[in-house]
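The block underneath contains the structure these notes are about, expressed in structure tokens.
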Amino acid sequence: MRKSLVLSVAFILFLLTSCYQKETISSKLAMEMDVKKIAVSRIEDSGSLAELNGQDANKLLEVIFHHAIKQEGIANMSSPEYMVKLYTKADAKQIYVWVGKTGETSSLMLEDDTHTIYTVSTKVTATLNDLLAISLNSSN
């Protein structure tokens with residue numbers, strides 16, 4: 001009896017944890033495999049536009065699609081630092097990016113959903129910061 005109770009509780013816990021998934025930006029965009037081109041620009045310097053290709057583009061897509069977790073509540077943000085534009089065959093989506101400093105998280109927001117933000121961890125922030133810096137420095 002005790003063994004079956006323990007197994008039942010373990011099974012219920014397994015079901016609850018496997019069904020719970022945090023909503024990522026990927027589910028909102030629904031265009032992960034359809035991105036043809038990525039453009040990155042620094043908001044304060046409208047002349048700084050870079051295009052990402054190859055491995056850097058794939059890393060940025062991974063950060064955006066798999067690591068950006070939706071945050072609950074109302075987003076009250078300052079002006080973004082970067083704008084990332086994802087081009088598909090059909091249209092383009094803009095994502096605003098606030099990059100945290102070392103040891104901080106970063107935030108992303110879809111242009112057409114300014115009431116929701118997505119955040120990435122401090123580890124992913126370092127990768128994001130490197131990718132954005134490399135892409136804009138290589139365009140100059």
Side-chain angles (χ1 to χ4, degrees):
M1 171 82 172
R2 185 172 173 90
K3 187 176 180 180
S4 64
L5 178 63
V6 170
L7 287 175
S8 297
V9 170
F11 181 70
I12 291 170
L13 287 173
F14 171 75
L15 285 177
L16 289 174
T17 56
S18 64
C19 292
Y20 177 74
Q21 291 183 334
K22 293 186 177 191
E23 185 177 345
T24 63
I25 207 167
S26 176
S27 59
K28 188 76 172 173
L29 288 177
M31 58 185 256
E32 181 173 353
M33 302 309 285
D34 197 25
V35 175
K36 304 295 182 202
K37 182 173 90 170
I38 302 172
V40 177
S41 64
R42 192 175 289 118
I43 298 289
E44 66 184 37
D45 181 13
S46 59
S48 66
L49 180 67
E51 199 172 299
L52 277 178
N53 298 304
Q55 189 175 6
D56 289 338
N58 290 336
K59 282 183 187 177
L60 184 60
L61 285 175
E62 181 182 340
V63 167
I64 291 171
F65 287 118
H66 299 294
H67 297 286
I69 305 296
K70 181 180 179 179
Q71 299 301 305
E72 297 300 323
I74 298 172
N76 185 12
M77 306 292 289
S78 61
S79 296
E81 299 169 69
Y82 297 95
M83 190 266 307
V84 175
K85 198 164 192 173
L86 306 175
Y87 293 92
T88 66
K89 204 172 194 178
D91 65 351
K93 296 283 186 183
Q94 288 188 154
I95 300 172
Y96 297 119
V97 182
W98 292 262
V99 179
K101 296 176 181 146
T102 303
E104 296 179 343
T105 60
S106 294
S107 300
L108 297 93
M109 178 187 290
L110 298 171
E111 179 189 41
D112 58 359
D113 183 9
T114 58
H115 296 290
T116 306
I117 63 166
Y118 298 82
T119 59
V120 295
S121 69
T122 56
K123 183 179 177 184
V124 175
T125 290
T127 303
L128 182 61
N129 207 353
D130 291 344
L131 287 170
L132 294 173
I134 288 169
S135 67
L136 290 171
N137 287 337
S138 66
S139 71
N140 294 335

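Small disclaimer: the values here were computed from a predicted structure and weren't measured.
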What's the separation between atom [atom1] in [X] and atom [atom2] in [Y], rounded to the nearest 0.5 Å?
| X | Y | atom1 | atom2 | result |
| --- | --- | --- | --- | --- |
| Met83 | Tyr96 | CE | OH | 7.0 Å |
| Tyr118 | Ile64 | OH | CD1 | 12.5 Å |
| Lys36 | Lys89 | NZ | NZ | 6.0 Å |
| Ile43 | Tyr82 | CD1 | OH | 10.5 Å |
| Lys85 | Ile38 | NZ | CD1 | 13.5 Å |
| Glu111 | Ile95 | CD | CD1 | 10.5 Å |

Any donor-acceptor pair under 3.5 Å from [X] side chain to [Y] backbone:
| X | Y | result |
| --- | --- | --- |
| Thr125 | Ser106 | yes |
| Gln94 | Ala92 | no |
| Ser107 | Trp98 | no |

Output all residues satisfying side-chain contact (heavy atoms from CB on, under 4.5 Å) with Thr127, sequence neighbours left out; order by chain, then residue number. Val63, Leu131
Go through Met77 and Thr114 one step at a time and tell me if the side-chain contact (heavy atoms from CB on, under 4.5 Å) criterion holds. CA-CA 9 Å; Met77 306 292 289; Thr114 58; over 6 Å; no
Which residues share a side chain to side chain donor-acceptor pair (under 3.5 Å) with Glu81, sequence neighbours left out: none
Looking at Leu60, Asp91, Leu61, which one forms a side chain to side chain contact (heavy atoms under 4.5 Å, CB included) with Leu86? Leu61
Consider side chain to side chain contact (heavy atoms under 4.5 Å, CB included). Of Thr105, Leu132, Val120, Leu108, which one does Val99 pass it with? Leu132
Minimal heavy-atom distance between Thr119 and Gln71, with the atoms involved, is OG1-NE2, 2.9 Å
Verdict with supporting geometry, Leu110 and Lys93, side-chain contact (heavy atoms from CB on, under 4.5 Å): CA-CA 8 Å; Leu110 298 171; Lys93 296 283 186 183; 5.6 Å; no
